[in-house]
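No experiment lies behind these values; they were computed from the predicted model shown. Atoms within a ligand are numbered from 1 in the order they appear, just like the ligands themselves. Both backbone and side-chain heavy atoms feed into the values below; hydrogens, waters and symmetry mates do not.
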Amino acid sequence: MNILILGSGGREHALAWAVMQNPKCDKLMVAPGNAGIAMIADCAALDIEDGGAVANFAEENSIDFVIVGPEAPLAAGVADRLRDAGLLVFGPSAAAARLEASKSFTKEICDAAGAPTAAYGHFTDAEAARAHVRAHGAPIVVKADGLAAGKGVIIAETVAEAEAAIDDMFGGAFGGAGAEVVIEEFMTGEEASFFVLCDGIDVLPIGTAQDHKRVGEGDTGPNTGGMGAYSPAPVMTEAVVQAAMERIIRPTMAEMARRGTPYQGILFAGLMIEDGQPRLVEYNVRFGDPECQVLMMRLGAQALDLMQACAEGRLAECRVNWGDDHALTVVLAAEGYPGSYRKGSVITGLDTLPEDSFHMMFHAGTTETDGRVTASGGRVLNATARGATLQEARDRAYAMVDKVDWPQGFCRRDIGWRAL
Ligand code: AMP
Ligand code: GLY
């Protein structure tokens with residue numbers, strides 16, 4: 001089977017690594033990829049949000065199966081375009097990708113499905129939004145409706161802060177994403193990420209994880225795309241998983257199918273768990289990054305069989321082979337991230353690292369220049385390890401971090417602290 005993965009981050013390196021373990025994979029191409037991915041697959045420059053260009057590329061390269069990594073091509077309808085061209089695709093249609101692309105759409109689906117989530121109001125007018133905030137008080141959560149690269153959510157501690165966020169959003173701080181605003185009740189509890197494959201009819205949970213969104217140790221400082229993650233998430237007990245499936249995931253999938261827009265792909269549910277009861281924070285229509293890295297480390301080669309069965313509508317016949325294991329990933333980021341950072345610094349020591357089914361240094365923002373690996377993004381490397389216990393996985397991951405020589409990089413030293 002010839003496979004094409006779309007994307008260029010640590011998530012896509014992890015997907016590529018898992019796919020390559022499977023003997024079914026004859027040829028792997030990744031567009032656009034990065035320096036780490038280039039070591040295991042053929043990388044190609046391609047505008048992955050241009051469905052026509054991707055379809056032509058797939059045809060020219062005899063691709064049998066396309067796996068879409070990030071949300072932007074999905075929201076842009078790339079999966080639809082590829083399916084129209086007769087290709088097998090892992091990833092939802094643009095209509096189903098609205099579960100991530102529009103927060104008000106997700107709220108409306110939750111209402112229709114009876115799925116527990118934060119109470120909310122939806123506004124297209126700043127004055128009405130401000131009045132809602134004054135009536136409900138703080139803390140309160142202000143969200144730009146559209147895709148804002150994870151930056152469109154403000155947890156306001158005071159009414160003044162919430163009003164300032166509303167003014168920013170309607171003032172265009174998030175471009176088109178902020179023309180509509182959702183204001184939510186602030187939920188307390190413990191957050192976890194829950195990953196479920198959906199083929200339009202059947203659903204199959206494939207793992208849980210927790211990430212560390214804040215840049216600083218002890219979960220302090222500004223939000224990032226994620227500074228580390230581990231799987232499984234202890235808070236996701238069997239009972240919580242069951243409750244999430246019955247009250248949130250299945251009703252949502254049934255509602256999507258009822259509307260004629262069945263969901264096919266990975267559904268990433270961000271949950272808030274309080275007193276053993278999960279509520280939905282948000283849906284994403286892709287794997288999390290860096291959560292995907294720990295999931296792939298645990299699933300290995302079967303990830304390809306599962307994604308293929310999902311795309312072919314055969315999930316009902318699938319089982320996940322669970323290992324009694326743990327995985328943890330530490331993100332190495334460029335100094336300054338999530339603010340401004342420099343590109344081009346040289347990273348050495350990568351060739352001294354172990355690479356096996358227990359250790360992988362996944363690349364995120366890296367480029368190869370003159371035979372050297374250089375940093376080309378904010379989040380740059382993901383030291384990822386697996387072990388019999390979370391502590392063992394963590395010790396292995398940090399041992400990898402310590403072998404990397406990159407003075408312009410940093411990482412958090414406390415990934416996994418909540419679970420350990
Ligand atoms: P989102 O982009 O919707 O995932 O929001 C980013 C982060 O903000 C989430 O992962 C939560 O940590 C937090 N968050 C979002 N909505 C709420 C809410 N209603 N109550 C509490 N925290 C929230
Ligand atoms: N790590 C959170 C996300 O991928 O959205």
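Cation-pi geometry between Arg394 and Tyr230 is not satisfied (NZ or CZ under 6.0 Å from the ring centre, within 45° of the ring normal).
When each atom of ligand 1 is checked for a heavy atom of Phe186 under 4.0 Å away, the hits are 20 (N), 21 (C). With ligand atoms numbered from 1 in the order given, ligand 1 contributes 9 (C), 10 (O) to contacts under 4.0 Å with heavy atoms of Lys213. Counting atoms of ligand 1 from 1 in the listed order, those under 4.0 Å from a heavy atom of Lys103 are 2 (O), 3 (O).
A heavy-atom distance below 4.5 Å is not found between the side chains of Phe195 and Leu267. The closest side-chain heavy-atom distance from Glu291 to Arg11 is not below 4.5 Å. Using a 4.5 Å heavy-atom threshold, the side chains of Val181 and Val142 count as touching.
A donor-acceptor pair under 3.5 Å links the side-chain atoms of Arg412 to the main chain of Gly216, judged by distance alone.
Scanning all heavy atoms of the two residues, the minimum distance from Ile166 to Ala126 falls at CG2-O, 3.9 Å.
Here the NZ atom belonging to Lys343 is positioned 11.5 Å from the OG atom belonging to Ser345, to the nearest 0.5 angstrom. How far NE2 of His363 is from CD1 of Ile37: 9.5 Å, rounded to the nearest 0.5 Å.
Heavy atoms from both the backbone and the side chain of Met187 come within less than 4.0 Å of ligand 1. When non-hydrogen atoms are compared, ligand 1 lies under 4.0 Å from the side chain of Ile155 (C-beta onward) but not from its backbone.
When Thr106, Val153, Asn223, Val141 are ranked by how near their heavy atoms come to atom 6 (C) of ligand 1, first place goes to Val153. Within the set Glu184, Lys143, Arg279, the minimum heavy-atom distance to atom 15 (C) of ligand 1 is found for Lys143. Nearest residue to atom 10 (O) of ligand 1 from Glu282, Glu191, Arg214, Glu185 is Glu191 (criterion: closest heavy atom).
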Expected rows: ligand 2 N/O, protein N/O, dist below 3.5 Å:
residue  : atom  : partner : partner atom : Å
ligand 2 : 1 (N) : Asp211  : OD2          : 3.0
ligand 2 : 1 (N) : Gly225  : O            : 3.0
ligand 2 : 1 (N) : Asp289  : O            : 3.0
ligand 2 : 1 (N) : Glu291  : OE1          : 2.9
ligand 2 : 1 (N) : Glu291  : OE2          : 3.4
ligand 2 : 4 (O) : Arg286  : NH1          : 3.0
ligand 2 : 4 (O) : Asp289  : N            : 2.9
ligand 2 : 5 (O) : Arg286  : NH1          : 3.4
ligand 2 : 5 (O) : Arg286  : NH2          : 2.9

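For Asp402 and Arg413, the salt-bridge test passes: some basic side-chain N is under 4.0 Å from an acidic carboxylate O.
Sorted by first then second residue, the ring-ring contact (aromatic ring centres under 6.0 Å, His included) pairs that include residues 91-132, not counting sequence neighbours, are Phe123-His132, His132-His136.
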